[in-house]
Novice: 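One structure follows; several queries about it will come next.
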Amino acid sequence: MTADPARAAAPAGAARDATRGGGEGTSLTAAAVAHLVGGTVRAGDDGSAVVRRMAPLDRAGAEDLSFYARAKYAAVFAASRAGVVLVPPDLADAEGAPGAVRVIVERPHEAMLRVLPVLYRPAPREPGIHPTAIVGRGVTLGADVTVGPYAILGDGATLHDRAWVEAHVVLGAGSVVGADSHVHPHATLYPNTVLGQRVAIHSGVRLGSDGFGYVFADGQHRKIPHVGRCVVEDDVEIGANTTIDRGSIGDTVIGAGSRIDNLVHLGHNVRLGRLCLVMAQVGVSGSTTIEDGVIIAGQAGIQGHVTIGKGARIGGQAGILGDVPAGATYSGYPGRPHKESLRASAALFKLAGMTRALERLLAREPREQESTS
Amino acid sequence: MTADPARAAAPAGAARDATRGGGEGTSLTAAAVAHLVGGTVRAGDDGSAVVRRMAPLDRAGAEDLSFYARAKYAAVFAASRAGVVLVPPDLADAEGAPGAVRVIVERPHEAMLRVLPVLYRPAPREPGIHPTAIVGRGVTLGADVTVGPYAILGDGATLHDRAWVEAHVVLGAGSVVGADSHVHPHATLYPNTVLGQRVAIHSGVRLGSDGFGYVFADGQHRKIPHVGRCVVEDDVEIGANTTIDRGSIGDTVIGAGSRIDNLVHLGHNVRLGRLCLVMAQVGVSGSTTIEDGVIIAGQAGIQGHVTIGKGARIGGQAGILGDVPAGATYSGYPGRPHKESLRASAALFKLAGMTRALERLLAREPREQESTS
Amino acid sequence: MTADPARAAAPAGAARDATRGGGEGTSLTAAAVAHLVGGTVRAGDDGSAVVRRMAPLDRAGAEDLSFYARAKYAAVFAASRAGVVLVPPDLADAEGAPGAVRVIVERPHEAMLRVLPVLYRPAPREPGIHPTAIVGRGVTLGADVTVGPYAILGDGATLHDRAWVEAHVVLGAGSVVGADSHVHPHATLYPNTVLGQRVAIHSGVRLGSDGFGYVFADGQHRKIPHVGRCVVEDDVEIGANTTIDRGSIGDTVIGAGSRIDNLVHLGHNVRLGRLCLVMAQVGVSGSTTIEDGVIIAGQAGIQGHVTIGKGARIGGQAGILGDVPAGATYSGYPGRPHKESLRASAALFKLAGMTRALERLLAREPREQESTS
């Protein structure tokens, strides 16, 4: 591996590393779209009409595919300039979208998901180690890996087959990137972090950073050494600028198939189960266990050392201070069963209107009035 | 463009790229300050006194300019060692700041804002592409652009005139940086992200990352391809480590003149209007529309698919679950008109003191007591 | 300093920079562990048993050291396969961990903290400037500093003895890194940021970014120039992706010995005292003063321009809108003394169950019922 100025100047893989989406140039006829989604072109419409990309009804043009799923959007549909529109049978002949060829299909929204990957082919990943990447001692590289410019592979790091490490990624010593996993630019894996297969780590994610653990002694907050790891199982996606600390003695573990949004914080020793959804800006304190299939809405906070049972749902901004039973839905602060939280906040606004009257009422029974201090 | 080790060792533009503020060396006389702000040096004071920088009253020294705007700070003013102080007419002869020359001016605080840019000239930006920057295929460069060390310009990226891309920035393929825009170190633009003119993107910002959109099928959370873009209009500033996802089909759009603070999350398809202020750690879920001139205070969270009307104000930590009318001020969780929220929380603390008495009262009418379950 | 492709290809210091923890290979006998913690090997147990790492009871194997501190974990202890276990005197002969040698010691958890640094020696830091690092004009380097690959030292930056600046760090012009301080990969110091001694800055931290300060004039939010600095005193640790803005005119200051977790935001001019603990995702608005020894739990938000008194405690997700007296514990939104907050939320759920009964009660006295509008 040598630093070849020529290649450095116009790097084959380099900028391509930073490529995703794109895939312009692909196009489909209305007939091809109908075939793809198992629908039919409306009788009399022109199946040869061509679309090149997808757009919402209000911004679609003659070469755009769009979809019209519910009558409530009739006004938008009426004014749409889309070239081809996916419509459900009951709206097949709805007024509007004068120029549009209609492809009739059940559940247009789902149908659209089948067209997207065809219209937008991700730019191909080009295997190779960019000459500016720095490869430490004893690094193991699988087949067809891609390592972007200025990436750093720490001593003893392992990249399995087709692993994709983009520009400026720093892999700490001893870290592992599983087969077909994709680490986006500027992510950091602290030493000994482990990623399974088909994992996606977005830009700015920090995995395996020191946990927030101190013991106050001799007049200072003395740091507890953190020797555990951060282990991410297969098929996990982690959003931009999220931070996950490594374990203190054991490991912090992210279960297979879980999806984590942006700016989330998971503390040391947290155990996130399989197939969980954790939305933006959620925070989970150390040593908490979250079982399989849990959904945590945005900005919720979960206390340390508690257990969130299988399939539980946590509401947005909820503050969970204790265990949550499997299957339960909790919300509010302090977190309570959602029904109770709803009733409490409804009651509060009612009671606010009754306060003075209640005070007057109680004023008549002075002896029973307790102090509010 | 060649990688010249010599230049790499002591790079002209390089470290200068990382320079901002600074501008030491500039100095002003008290008379010059007075002229600059449209004020006057107090009769008898020495207009030739020189200041080189600005400091608050309590930390200012003989060569520092400070300001004294309100009598409540009399004690601090009394002890100040500032060399020159901006004072309003009514405080022109107030006791204190023995050694200070006084410049009399209406609204000293605003006056100070006119002096700052003169005392602190930002270090000049030096046009040029650092030899270590990596320029992809088909990149378009305007006049006098600056590209810092180790920056990566993805295939087909466009930098307009005087665009400034600092060290370690990664511009995805097809992304655009408008004229006079400034991207700080370590920011990431995912492919096809678009910045208008005079935009400032701070360190660690991630623009155009994948939205958090999945469909549960075949026992897994299957990812919905995101093919929209993140579009930032003119005169926007975005704070450190903020994340803005790109659109799913349409675009995520940040309106002209809006200012976004640090660690904010804006989900896919969000439409932020013009001249909005979004404070630190705010989170906005997908497909929500925020109209012009909205102000959202720190840590507030806004539900997806709602509309925040023009000029509305959202309180700190508010949890907004539905639409907010134009001009309204909402706060609390669940978000309500601010007056209602205030009254409710005031009532709560009153009622807390009455609870036992009310229980006794109701205990006397057993038949009407409903269960609390 | 020359860019030697050979070294760049297999860089001595390079990947090692990214190394921490690790230190495999060290091992201790049970007797050595006992000696280290001032305990004793249980009579009859084999003091020559060897351990190489530490693990929790449930995952420990024959070569792992673990600890058993409280009877509540009896079940886990019973099934443990640990090779050596630290136990308190009263549990010395507890049933379980058949294969385990027991080391008897008071407070096994604290004892473990004395063993950790011996079992896990941090990889040695190798002094030197990596050939790919870019060193600006007039940079001052102390003795034995380590600068990782692709790091950038802005013009006039200063690194004191044994300072460690890891891969991809960007130090702005005029910034200072104190002796024995450690800046992890991808951190950014804006110009003129100052770090004291023994400071640890984690990956993705942004120090000294522009404060969120604007004046609305001429139909736009005009930026207030920020000319203050971000000053971090000795023995501070700052967690991953945290952002701290620099001061507007004065400085933003982080007091000695304070510990800040991940994804925290501290606004311009904030003064954090000594020995504070600030947990993940906390946000503090501009110009607020936090005195010594304050503890702020996760996701709490603190208003600008207020003072949090010495030794105060702020609860998780609390919203603090005013001053907090020294030593007080505040929680809830709006933040109140913790006792009041607890009583209020308890009362709320009680009252929710009484609402209808109270309405009926008041219905009998129509004239006194006030409107709820």
Novice: With rounding to the nearest 0.5 angstrom, report the OG to CE distance, A:S248 to C:M112.
Specialist: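 Here the rounded value is 7.0 Å.
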Novice: Honestly, is A:R336 close enough over C:F349, meaning NZ or CZ under 6.0 Å from the six-membered ring centre and within 45° of the axis?
Specialist: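 Yes, cation above the ring, under 6.0 Å and within 45°.
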Novice: Among A:V282, A:I224, A:V215, which residue has the highest count of heavy-atom pairs closer than 4.5 Å to chain C?
Specialist: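 That would be A:V282.
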Novice: Name the region of A:Q303, side chain, backbone, both or neither, that has any atom closer than 4.5 Å to a heavy atom of chain C.
Specialist: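 Neither part.
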Novice: Hey, is the main chain of A:A318 close enough, under 3.5 Å, to the side chain of C:Q317 for a donor-acceptor pair?
Specialist: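 Checking the backbone N and O of A:A318 against the side chain of C:Q317, a donor-acceptor pair under 3.5 Å is found.
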Novice: Measure C:V278 against the heavy atoms of chain A and call it side chain, backbone, both or neither at under 4.5 Å.
Specialist: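 It is the backbone, since no side chain atom gets that close.
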Novice: Going by atom types only, do A:H186 and C:H186 share a side-chain donor-acceptor pair under 3.5 Å?
Specialist: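 Short answer, no.
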Novice: When rounded to the nearest 0.5 angstrom, what distance separates CG in C:L116 from NE2 in A:H226?
Specialist: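 Nearest 0.5 Å value for the CG-NE2 distance: 10.0 Å.
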Novice: Under 4.5 Å heavy-atom distance to chain C, tell me which part of A:V284 shows up: side chain, backbone, both or neither.
Specialist: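 For A:V284, no heavy atom lies under 4.5 Å from chain C.
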Novice: Where is the tightest heavy-atom contact between C:A352 and A:A344, given as atom of each residue plus distance?
Specialist: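 So the minimum-distance heavy-atom pair works out to CB-CA, 4.0 Å.
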Novice: Counting only heavy atoms not in A:R271, do more than 12 fall under 6.0 Å of its CZ?
Specialist: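 Result for CZ/A:R271: enclosed.
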Novice: For A:M354, which of C:L361, C:L351, C:L362 qualifies under side-chain contact (heavy atoms from CB on, under 4.5 Å)?
Specialist: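 Filter result, single survivor: C:L362.
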Novice: Got a second to check how far C:L263's CG is from A:L263's CG, nearest 0.5 Å?
Specialist: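 With rounding to 0.5 Å, CG (C:L263) is 6.0 Å from CG (A:L263).
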Novice: Checking heavy atoms, do the side chain of C:I260, its backbone, both or neither come under 4.5 Å from chain A?
Specialist: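 Just the backbone, heavy atoms under 4.5 Å.
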Novice: Go through C:L342, C:D58, C:N262 and name the one with the most non-hydrogen pairs under 4.5 angstrom from chain A.
Specialist: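 Answer, by heavy-atom pair count under 4.5 Å with chain A: C:N262.
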Novice: Using 0.5 Å steps for rounding, measure from the CG atom of C:L113 to the CD1 atom of A:I249.
Specialist: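 The distance works out to 7.5 Å.
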Novice: For C:R313, enumerate each residue passing the salt bridge (Lys or Arg N to Asp or Glu O under 4.0 Å) test, keeping only those at least two apart in sequence or located in another chain.
Specialist: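 C:R313 satisfies salt bridge (Lys or Arg N to Asp or Glu O under 4.0 Å) with no residue once adjacent residues are dropped.
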Novice: How long is the span from the CZ atom in A:F212 to the CZ atom in C:R259, to the nearest 0.5 Å?
Specialist: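 Those atoms lie 8.5 Å apart.
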Novice: Do A:H168 and C:Y150 have side-chain heavy atoms sitting under 4.5 Å apart?
Specialist: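 Side-chain contact under 4.5 Å: no.
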Novice: Quick check: does any side chain N or O of C:N241 sit under 3.5 Å from a backbone N or O of A:G204, one acting as donor and the other as acceptor?
Specialist: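 Pair found, side chain donor or acceptor close to backbone of A:G204.
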Novice: Sort C:E110 into side chain, backbone, both or neither according to what part of it lies under 4.5 angstrom from a heavy atom of chain A.
Specialist: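 The answer is neither part of C:E110.
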Novice: Would you sort out whether A:Y190 and C:H184 count as a ring pair (Phe, Tyr, Trp, His ring centres under 6.0 Å), showing the intermediate values?
Specialist: CA-CA 9 Å; A:Y190 277 64; C:H184 289 274; 5.6 Å; yes
Novice: For chain C, which of A:Q299, A:R222, A:H221, A:R229 has the most heavy-atom pairs under 4.5 Å?
Specialist: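 The candidate making the most pairs under 4.5 Å is A:H221.
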Novice: Do the side chain of A:Q220 and the main chain of C:G257 share a donor and acceptor less than 3.5 angstrom apart?
Specialist: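 Such a contact is absent between A:Q220 side chain and C:G257 backbone.
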Novice: Kindly say whether A:D210 contributes a backbone atom to a donor-acceptor pair with the side chain of C:H202 at under 3.5 angstrom?
Specialist: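 Side chain of C:H202 to backbone of A:D210: no pair is present.
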Novice: Contact part of A:V139 toward chain C, heavy-atom cut-off under 4.5 Å: side chain, backbone, both or neither?
Specialist: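 No part of A:V139 comes within 4.5 Å of chain C.
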Novice: Any idea which heavy atoms bring A:G219 and C:L275 closest together, and the distance?
Specialist: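 Heavy-atom minimum between the residues: O-CD1, 3.6 Å.
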Novice: Going from CD on C:Q281 to OG1 on A:T243, what distance comes out if it is rounded to the nearest 0.5 angstrom?
Specialist: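 Here the interatomic distance stands at 7.0 Å.
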Novice: Is the shortest heavy-atom distance from the side chain of A:S209 to the side chain of C:S203 under 4.5 Å?
Specialist: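 No, every pair of side-chain atoms sits at 4.5 Å or beyond.
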Novice: Select one option (side chain, backbone, both, neither) describing which atoms of A:S175 are under 4.5 Å from chain C's heavy atoms.
Specialist: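 Contact with chain C: none, neither part.
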Novice: Checking C:D235 now: which residues fulfil salt bridge (Lys or Arg N to Asp or Glu O under 4.0 Å) with it, not counting sequence neighbours?
Specialist: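 So C:D235 forms a salt bridge (Lys or Arg N to Asp or Glu O under 4.0 Å) with C:R198.
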Novice: Sort out for me which of C:A200, C:A240, C:A256 touches chain A most, counting heavy-atom pairs under 4.5 Å.
Specialist: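 Going by pairs under 4.5 Å, I would pick C:A240.
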